[in-house]
Each structure stands twice: as C-alpha cells, then as structure tokens.
Colleague: 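What follows is a single structure, and I will ask about it in a moment.
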Amino acid sequence: MSNTFAIAWKEIRTYFSSPMAYIIASVFLAITGYLFVRSVSTPFPEASVRGWMTDSLFLFVLWSPVLTMRLLAEEQKLGTLELLMTSPVRDLEIILGKYLATIVIFLVTLSLTLFYIIFLFFYGNPDFGPLFTAYLGLVLYGASTMAIGLLASSLTNNQIVAAVIGFGVLLLLTLLEQASEVTSGQTAQFLAQISLTGHFRGFARGVIDTGSLVYYLSTIVMFLFLAFRNLESKRWR
C-alpha cells in the first residue's frame with residue numbers, strides 16, 4: 001500500500017503545482033455556483049442541493065476526462081510508464097495510486113461547495129438527511145466517471161485521444177436516461193438501469209437505494225479492473 005500512496009501523492013503534488021488545477025476548480029465552482037443560485041432564486045425556493053446537483057451532473061462528462069486524461073497517457077508518451085512497470089511496483093498499485101489521486105482532487109474541489117450548505121442553513125432550515133444522501137450520490141457518481149476516465153487514459157499515449165474516449169463513453173452513459181424515456185418495455189428498463197445519471201435521482205431525493213449503490217460500486221470496480229488488465233497486457237507487448 002505504501003507504493004499506492006506514494007504514486008497518489010506524486011500525482012496530487014503534480015496536479016496542484018499546475019495552474020490548470022486552479023483554473024479547472026474555478027470553472028467548476030463558477031458553474032455550480034450559478035446553478036445553485038438559480039435553484040434558490042425561484043418563486044418557491046427549496047432548501048436543498050437537489051436542483052444544482054442534478055443539473056451539474058453533465059459537468060462530469062467534460063471534467064472527469066480532462067482530470068484523468070494525463071494519468072497514464074502522459075506516462076506512456078514520455079516512456080516513464082515502462083520505468084514504473086519495471087520498478088518494484090505492481091500494476092494494481094499503479095492503477096489504485098492514480099485513481100486515489102483523482103478521488104482526492106475531486107473531493108477537495110467538491111468540498112468547496114459546502115459553502116452552499118452553510119448558505120442554506122443560514123437562510124433556511126434544510127433537512128440534513130437529503131443533503132447527506134445527495135453528496136453521497138454525487139461522490140459515487142463522480143468516482144464512477146473518474147474510473148471511466150482512467151480506463152480511457154490507459155488505452156492511448158495521446159492525452160487528447162484519451163479525453164475524447166472518456167468524453168464519448170460518459171456522454172453515452174449520460175444520455176441513456178433520455179433514451180429510456182423515448183422507448184418502452186424492457187428496452188427502456190435496461191437503458192435506465194445502465195444509465196449513470198438515472199441512479200443518482202434516488203440519492204438526490206434523500207433515498208439510499210441499494211441497487212444504485214451496488215451499480216456505482218460495480219462500475220468503479222469494473223472500469224478499474226479493465227484499466228488494470230490493459231496495463232498488465234502492456235508487459236507482454
């Protein structure tokens with residue numbers, strides 16, 4: 001585990017030493033801030049975060065690929081991945097270290113939105129339960145998109161290509177919910193079940209659905225496993 005934390009710490013330091021980190025975080029907070037203000041500026045405002053969180057899910061289609069595109073693609077381009085793989089570090093530790101770094105960066109950025117919660121408690125009397133479940137759902141949703149982005153980064157040595165692949169997969173999984181609404185029968189149920197956004201609705205309403213929880217955790221494990229196997233296959237090329 002020490003190797004995993006060492007890799008994660010290296011990625012975190014590299015990220016926060018770049019001005020791009022603060023630009024991306026500022027853009028994220030600016031957009032979510034606008035969505036929050038819009039959600040509480042209605043004639044009948046709701047003392048919750050459900051509105052801006054649901055509207056901000058689409059941000060992850062762009063943010064996650066940008067955040068993860070360099071993790072393995074840059075290592076492959078610079079030739080440092082071969083050095084890393086020949087060192088006494090296991091492939092699983094590389095994947096988990098890279099992924100852990102993105103999760104920490106994601107959580108640090110997301111924690112800045114807690115100002116909205118303070119605002120809600122200052123001007124209203126929100127229910128803590130739905131606030132907690134909404135943030136839990138957003139963390140699981142974001143963690144799933146980061147795992148998909150990491151897999152995309154492992155497939156190529158070009159960061160732009162990795163971002164495009166991640167964007168395409170996330171866009172598809174995001175639009176499946178809309179596709180389920182224009183279909184019917186078992187097809188609609190199937191599309192709704194594999195949609196990333198569809199499983200967030202329950203968390204936003206204050207419900208921790210076991211099926212949605214299993215879906216997000218399974219998505220994270222599946223895409224990290226695929227990234228691990230892809231990295232492992234590079235040893236034999």
Colleague: Could you tell me if the side chain of V27 sits less than 4.5 Å from the side chain of W63, heavy atoms only?
Modeller: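 Side chain of W63 against side chain of V27, heavy atoms only: no contact under 4.5 Å found.
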
Colleague: Show, in sequence, the C-alpha distance, side-chain angles and deciding distance for L171 and F58, and conclude whether the side-chain contact (heavy atoms from CB on, under 4.5 Å) test is met.
Modeller: CA-CA 8 Å; L171 181 63; F58 197 81; 3.9 Å; yes

Colleague: Would you compute the distance between atom CG of L92 and atom CZ of F228 and round it to the nearest 0.5 angstrom?
Modeller: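 With rounding to 0.5 Å, CG (L92) is 5.5 Å from CZ (F228).
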
Colleague: Taking the side chain as every heavy atom from C-beta outward, state whether L107 and V139 have any pair of such atoms under 4.5 Å apart.
Modeller: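 A side-chain contact exists here, since the closest heavy-atom pair is under 4.5 Å.
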
Colleague: Could you pull out the closest heavy-atom pair between L176 and S195, with the gap in Å?
Modeller: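 Closest pair (atom of L176, atom of S195, distance): CB-CB, 3.9 Å.
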
Colleague: Give me the atom names and distance for the closest heavy-atom approach of S212 to F203.
Modeller: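 Closest approach of S212 to F203, heavy atoms only: CB-CE1, 3.7 Å.
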
Colleague: Once the angle between the rings of F60 and F106 is folded into 0 to 90°, is it parallel (under 30°), tilted (30 to 60°) or perpendicular (over 60°)?
Modeller: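 It falls in the perpendicular class, over 60°.
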
Colleague: State the CG-CE distance between L67 and M146, to the nearest 0.5 angstrom.
Modeller: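 So the gap between those two atoms works out to 4.5 Å.
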
Colleague: I'd like to know if the side chain of S153 and the backbone of L150 have a donor-acceptor N/O pair within less than 3.5 Å.
Modeller: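 Pair absent, no side-chain N/O of S153 close to backbone of L150.
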
Colleague: Indicate whether the side chain of S144 and that of T219 have a donor and an acceptor atom separated by less than 3.5 Å.
Modeller: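 Result is no, nothing qualifies.
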
Colleague: Would F225 and I95 count as a side-chain contact (heavy atoms from CB on, under 4.5 Å) here? Give the steps.
Modeller: CA-CA 9 Å; F225 175 74; I95 295 297; over 6 Å; no

Colleague: Tell me whether H199 contacts the main-chain N or O of Q193 through its side chain, where contact means a donor paired with an acceptor under 3.5 Å.
Modeller: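 Judged by distance alone, yes, a pair lies under 3.5 Å.
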
Colleague: Check I194 against Y215 and note the closest heavy-atom contact, atom names and distance.
Modeller: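 Shortest heavy-atom contact: O-OH, 2.9 Å.
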
Colleague: Using every non-hydrogen atom in the two residues, find where T113 and L110 come nearest and quote the distance to one decimal.
Modeller: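 In this case the closest contact between T113 and L110 is OG1-O, 2.5 Å.
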
Colleague: Please collect all side-chain hydrogen bond (donor to acceptor under 3.5 Å, both in side chains) contacts where either partner lies in residues 13-32, sequence neighbours excluded, each pair once.
Modeller: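 Listed by first then second residue: T32-Y116.
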
Colleague: Dump the intermediate steps for side-chain contact (heavy atoms from CB on, under 4.5 Å) on Y99 and I103, then the final yes or no.
Modeller: CA-CA 6 Å; Y99 182 67; I103 295 300; 3.6 Å; yes

Colleague: Does F115 CZ have over 12 foreign heavy atoms under 6.0 Å away?
Modeller: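 No, CZ of F115 has 12 or fewer neighbouring heavy atoms, counting only those of other groups under 6.0 Å.
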
Colleague: Once rounded to the nearest 0.5 Å, what's the spacing between atom CD1 of I160 and atom CD1 of I165?
Modeller: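 Nearest 0.5 Å value for the CD1-CD1 distance: 12.0 Å.
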
Colleague: For S154, is there any backbone N or O sitting under 3.5 Å from a side-chain donor or acceptor partner on N230?
Modeller: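 Checking the backbone N and O of S154 against the side chain of N230, a donor-acceptor pair under 3.5 Å is found.
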
Colleague: Are the side chain of T109 and the backbone N or O of A25 linked by a donor-acceptor pair below 3.5 Å?
Modeller: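 Side chain of T109 to backbone of A25, a donor-acceptor pair under 3.5 Å: no, none is there.
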
Colleague: When rounded to the nearest 0.5 angstrom, what is the spacing between CD1 in I7 and CD1 in I12?
Modeller: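 It is 12.0 Å, given to the nearest 0.5 Å.
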
Colleague: Are L114 and I118 side-chain neighbours, meaning at least one heavy-atom pair lies under 4.5 Å?
Modeller: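 No; the side chains remain at least 4.5 Å from each other.
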
Colleague: How far does OG1 of T68 sit from CG of L151, to the nearest 0.5 angstrom?
Modeller: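 Separation between the atoms: 9.5 Å.
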
Colleague: Taking all non-hydrogen atoms of both residues, which atom of A162 and which atom of A152 are closest, and how far apart?
Modeller: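 Heavy atoms of A162 and A152 come nearest at O-CB, 3.4 Å.
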
Colleague: Please answer whether the main-chain N or O of G142 pairs with a side-chain N or O of Y216 as donor and acceptor at a distance below 3.5 Å.
Modeller: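 Absent.
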
Colleague: Does T197 form a side-chain contact (heavy atoms from CB on, under 4.5 Å) with Y141? I'd like the steps, not just the answer.
Modeller: CA-CA 8 Å; T197 55; Y141 181 90; 3.6 Å; yes

Colleague: Report the distance from atom OG of S56 to atom CZ of F28, rounding to the nearest 0.5 Å.
Modeller: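 That separation rounds to 6.0 Å.
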
Colleague: Search all heavy atoms of L196 against all heavy atoms of L170 and return the closest pair with its distance.
Modeller: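 Smallest heavy-atom distance, with atoms named: CD1-CD2, 3.9 Å.
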
